[in-house]
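The block underneath contains the structure these notes are about, expressed in structure tokens.
We count ligands from 1, going down the list as the structure has it; atoms in each ligand are counted the same way. In what follows, residues are counted from 1 in the order of the sequence shown. Values below: all heavy atoms of this structure, side chains included; hydrogens, waters and symmetry mates excluded.
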Amino acid sequence: MAEFTTPTLKPYPEIPPIEIGVMAHSKPFKANPEHQQKIGFPGELVDNWERVAVEKMGELVSKSRALRVFLDSCVKCGACTDKCHYFLGTADPNNMPVARQDLFRSVYRRYYTLAGKYLPWLVGARDMDQELLDQWYSYFHQCSQCRRCSVYCPYGIDTAEISMAAREIMDHIGVGQKYCNEIIGKAQTIGNNLGLPEKALLNTLEGLEEDIEDETGVAVRMPLDEKNADILLVTPSADFFAEPHVDGLIGYAKVFHQAGLSWTLSSHASEAANFGLFIGSHENMQNLALRVREAALELGVKRIVFGECGHAWRVAYSFLNTLAGPFDFLDQNYPVPQHICEVTYDLIQRNQLTLDKSANDDMVLTFHDSCNVSRGSRMGDMPGGQFIIPREIIKAVCNHFYDMPSDTIKEGTFCCGGGGGLLTDDLTELRVKGALPRMEALKQVVDQYGVTHMAAICAICKSQFSKVLPYYGFKMDQIVSLHQLVGNAIVLNREP
Ligand code: SF4
Ligand code: SF4
């Protein structure tokens with residue numbers, strides 16, 4: 001890993017003077033043949049890879065009208081150039097969204113437009129060659145697919161879609177990323193990203209039940225594979241052991257307990273995350289989504305609820321029915337699927353939970369909107385529910401809450417810096433630098449209101465902030481799970 005200097009926090013965000021190629025060295029480890037082949041890709045660079053890559057690109061643009069429109073419609077207005085956290089944090093102009101797109105667009109123009117075929121120098125068309133592939137591998141793994149740039153583009157061009165297509169093409173020629181592809185393989189064979197087998201999961205949950213009872217004196221259950229429970233909870237596997245995720249899981253269990261809801265986890269679908277999204281692979285995304293359907297059918301549940309995970313909620317909310325539906329065997333009186341925040345918010349609205357806000361009086365909170373929740377999904381049946389519901393829950397369980405500056409939250413939220421399959425130690429420099437805009441916004445409310453903690457509803461955000469907060473002079477435990485706050489405040493007075 002290259003040595004690097006952590007950027008300095010400034011009182012107001014500044015657009016950095018460009019430094020050409022300064023992040024060209026940043027590349028994640030490559031997947032080995034075993035990781036590749038396990039999920040259906042060639043183990044190593046295929047013969048005639050240039051032709052295979054160009055043909056795959058043709059297949060993708062013919063299948064996706066959106067991708068073709070994104071490639072054809074950019075007018076180089078420049079509105080997106082200063083909107084990417086990776087550009088703001090690294091100063092590398094290839095991290096400007098339009099420049100990142102052009103790494104892909106230049107090949108599309110060369111092979112799939114008339115002008116590019118005959119006058120390539122006139123339209124910025126390039127041959128697919130080794131130099132370009134190196135740039136693709138580097139800079140398409142410097143996009144967290146957060147979609148912030150698309151909010152500010154007058155044409156709504158979504159760089160995330162282009163970055164997913166580039167990764168899909170690279171996988172098809174045998175150049176995959178280790179972190180994502182290894183994890184997808186584990187989730188497809190064992191059921192979760194960590195490779196945690198059923199017995200270990202059961203032991204972990206029993207240990208957590210004992211911890212809760214020791215602390216509260218109340219026997220709160222964490223059921224696994226319990227047939228005919230009403231609710232199947234699908235949650236990121238980080239919730240089973242990592243801090244601060246596990247405190248969120250304890251919060252969900254307390255909510256279910258106190259509301260008298262019957263629920264279970266599943267060892268077959270013990271992972272909400274779906275990294276198939278990050279590599280643009282419909283097949284892998286579908287394989288993972290089908291495990292949720294299989295678990296729901298096997299256990300005979302009536303509802304599916306997703307725990308705190310940003311991209312998992314996007315896949316669940318936007319694609320689950322297409323990938324693994326229809327879910328007509330579930331209770332249609334509830335959204336299919338439902339977010340844990342919707343469940344908790346609904347219970348709060350109906351006065352079904354007794355809450356003691358003072359339990360969180362040692363914290364002054366702010367809230368980090370996760371990209372995939374903010375810009376890729378919704379919650380509840382009101383416009384903007386994905387912004388309103390988490391904030392209303394925090395206000396119901398905490399006395400002190402302040403939002404970060406308005407251009408850094410909700411639709412305009414800045415990525416944590418570790419999303420989109422980049423949450424790996426081989427990309428630490430990128431992750432730290434990409435977190436700069438969020439850290440600057442956090443610093444503002446720390447200085448102005450004395451904010452001590454930031455809540456989030458995404459497993460990746462929580463892991464990323466735990467790692468990068470200390471680089472900026474904060475403490476790693478200043479990031480908390482939203483349901484950790486709920487779990488602190490909930491008064492347990494129901495018998496099991
Ligand atoms: S999707 Fe996000 S990470 Fe990717 S180019 Fe746009 S702003 Fe940057
Ligand atoms: S904002 Fe949209 S149209 Fe303008 S340069 Fe960026 S991608 Fe192209």
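Considering NE2 of His311 and SG of Cys146, their distance stands at 15.0 Å, rounded to 0.5 Å. With values rounded to the nearest 0.5 angstrom, Phe140 atom CZ is found 12.5 Å from Met164 atom CE.
In this structure, Trp313 and Tyr317 have tilted ring planes: the angle between them lies in the 30° to 60° band. Taking the six-membered ring for Trp and thresholds of 30 and 60 degrees, His368 and Phe465 have ring planes more than 60 degrees apart, a perpendicular arrangement.
With atom 5 (S) of ligand 1 as the reference point, the heavy atom nearest to it among Lys83, Arg100, Glu161 is part of Arg100. Distances from atom 7 (S) of ligand 2 to the heavy atoms of Met96, Gln101, Lys76 show the closest one on Gln101. Taking all heavy atoms of Cys149, Cys153, Ser73 into account, the minimum distance to atom 2 (Fe) of ligand 2 is reached by Cys153.
Looking only at protein heavy atoms, the nearest one to atom 3 (S) of ligand 2 is Val75 N, 3.6 Å. Protein heavy atom closest to atom 4 (Fe) of ligand 2, with residue, atom name and distance, is Cys77 SG, 2.3 Å. In terms of protein heavy-atom proximity, atom 6 (Fe) of ligand 2 is nearest to Cys80 SG, 2.4 Å.
Residue Cys84: no N/O/S atom is found under 2.8 Å from atom 2 (Fe) of ligand 1. Residue Cys74 does not count as close to atom 4 (Fe) of ligand 2, with no N, O or S atom under 2.8 Å.
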Open item on the list: Pair Gln36, Asp171 - check side chain to side chain contact (heavy atoms under 4.5 Å, CB included), show working.
Closed with: CA-CA 8 Å; Gln36 286 285 101; Asp171 270 324; 3.4 Å; yes

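Residue contact check: Ser144 has heavy atoms under 4.0 Å from atoms 3 (S) of ligand 1. The atoms of ligand 1 that sit less than 4.0 Å from any heavy atom of Arg147 are 1 (S), 2 (Fe). Distances below 4.0 Å separate heavy atoms of Pro154 from the following atoms of ligand 2: 1 (S). When each atom of ligand 2 is checked for a heavy atom of Tyr155 under 4.0 Å away, the hits are 3 (S).
In this structure, Glu308 contributes its side chain and His483 its backbone to a donor-acceptor pair below 3.5 Å.
At a cut-off of 3.5 Å, with distance as the only test, no side-chain donor of Ser237 or Asn192 sits close to an acceptor on the other residue. At a cut-off of 3.5 Å, with distance as the only test, no side-chain donor of Arg314 or Gln145 sits close to an acceptor on the other residue.
The shortest heavy-atom distance from Pro97 to ligand 2 is not under 4.0 Å. The shell of residues lying under 4.0 angstrom from ligand 1, judged by heavy atoms, includes His85.
In this structure the side chain of Arg148 never reaches within 4.5 angstrom of the side chain of Cys371, judged on heavy atoms.
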